[in-house]
Amino acid sequence: MSANSADAAAVVEVVLVKGGRTKIRYAGELIGDDGTRLAVRAPWAGAGVRDFGFVRFEPGDVFTEYYWRDRWYAVKEVRAADGGVKGWYCDITRPAVVSGTELVVEDLDLDLWRSADGRDVRRLDEDEFAGSGLAQRDPRAAEAALAALDELEVLARGGGFDALLA
């Protein structure tokens, strides 16, 4: 699957798997695929509003999502319906796998949030990760996941993801 500015907009089905089950599946517009990194634009796919306390995802929000075939994370820019940037939500995942029109990623429980102004950078769900048993089942994957979270946190605290997403 590839897309560039000359291609017609392609629809891709994003499939997020967690614990061996499909957590969520939604359609998005494939806006780029350079063979390593894929970019997808999609509206908020959740049911109603999801209030995390530090940010609300709600109908009308638009996510520009970046996935890598060789990295253990996904970076999602979140914009409100009015176009203003809310921030970046990062999922720690196994590298993305593309099969036909499906983009499949396995969520490894760890997440990172960076607010639009960069003042709020927070690691999320470390307790879920610890309780998942991944460190015992697949120590190399657990190590890669923690390294990916550390890498994203350094980028988030160092000014953001511009270099990564350019």
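For the single chain, residues carry numbers from 1 onward in sequence order. Just so it is clear, the model here is predicted, and its values are computed rather than measured. Values reported hereafter were calculated over all heavy atoms of this structure, with side chains retained and with hydrogens, waters and symmetry mates removed.
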Taking only Lys NZ, Arg NE, NH1 and NH2, and the carboxylate oxygens of Asp or Glu, determine whether R123 and D150 approach each other closer than 4.0 Å. yes
Run the numbers on R79 and V85 for side chain to side chain contact (heavy atoms under 4.5 Å, CB included), then give the verdict. CA-CA 4 Å; R79 289 185 178 265; V85 176; 3.3 Å; yes
P59 side chain near V49 side chain, heavy-atom distance below 4.5 Å: yes
Taking it one step at a time, do T101 and L30 satisfy side chain to side chain contact (heavy atoms under 4.5 Å, CB included)? CA-CA 10 Å; T101 60; L30 180 66; over 6 Å; no
Quick one: are D125 and I92 in side-chain contact, heavy atoms under 4.5 Å? no
Note, W72 side chain near E151 side chain (heavy atom, < 4.5 Å): no
Is there a path from V55 to V78 through hydrophobic residues (I, L, V, M, F, W, Y) whose side chains come within less than 4.5 Å of each other? yes
Would a distance-only check, ignoring hydrogens and angles, find a side-chain to backbone donor-acceptor pair under 3.5 Å from R94 to A141? no
Please check if V104 and L134 belong to a single hydrophobic cluster, counting links between Ile, Leu, Val, Met, Phe, Trp and Tyr side chain heavy atoms closer than 4.5 Å. no
Could you tell me how the ring of F52 sits relative to the ring of Y89: parallel (under 30°), tilted (30 to 60°) or perpendicular (over 60°)? tilted
Check for me, please, whether L16 and V14 land in the same ILVMFWY cluster - side-chain distances under 4.5 Å, paths through other members count. yes
Those residues at least two apart in sequence (or on a different chain) that pass side-chain contact (heavy atoms from CB on, under 4.5 Å) with A80 are D61, D82, K86
Please check this pair: side chain of R37 against backbone of L164, looking for a donor-acceptor N/O pair closer than 3.5 Å. yes
Do you know the tightest heavy-atom contact between T36 and D33? N-OD1, 4.4 Å
With a 4.5 Å cut-off on side-chain heavy-atom distances among I, L, V, M, F, W and Y, is there a chain of contacts connecting V12 to V105? yes
Are any non-hydrogen side-chain atoms of Y26 and E13 less than 4.5 angstrom apart? no
Roughly how far apart are R114 CZ and R157 CZ, rounded to 0.5 Å? 10.0 Å
With L110, which of L146, L124, T93 fulfils side chain to side chain contact (heavy atoms under 4.5 Å, CB included)? L146
So L38 and R69, do their side chains get closer than 4.5 Å, heavy atoms only? yes
Do the side chains of K18 and D91 get close enough for a salt bridge, i.e. N-O under 4.0 angstrom? no
Partner of Y73 under ring-ring contact (aromatic ring centres under 6.0 Å, His included), picked from Y66, W68, Y67, is W68
Could you check W88 against L155 for side chain to side chain contact (heavy atoms under 4.5 Å, CB included), going step by step and ending with a plain yes or no? CA-CA 12 Å; W88 292 264; L155 290 170; over 6 Å; no
Looking at A27 and V11, what are the two nearest heavy atoms and their distance? CB-CG1, 4.2 Å
Evaluate F63 against F57 for ring pair (Phe, Tyr, Trp, His ring centres under 6.0 Å), listing each step before the verdict. CA-CA 10 Å; F63 287 64; F57 295 162; 5.1 Å; yes
Quick one: do E126 and L149 satisfy side chain to side chain contact (heavy atoms under 4.5 Å, CB included)? Show the steps, please. CA-CA 10 Å; E126 290 178 294; L149 182 62; 4.2 Å; yes
Is there a side-chain contact between C90 and V75 (heavy atoms, below 4.5 Å)? yes
With clusters defined by side-chain heavy atoms of hydrophobic residues (ILVMFWY) lying less than 4.5 Å apart, directly or transitively, does L112 cluster with F54? no
May I ask you to check whether over 12 heavy atoms, not counting those of R140, lie within 6.0 Å of atom CZ? no
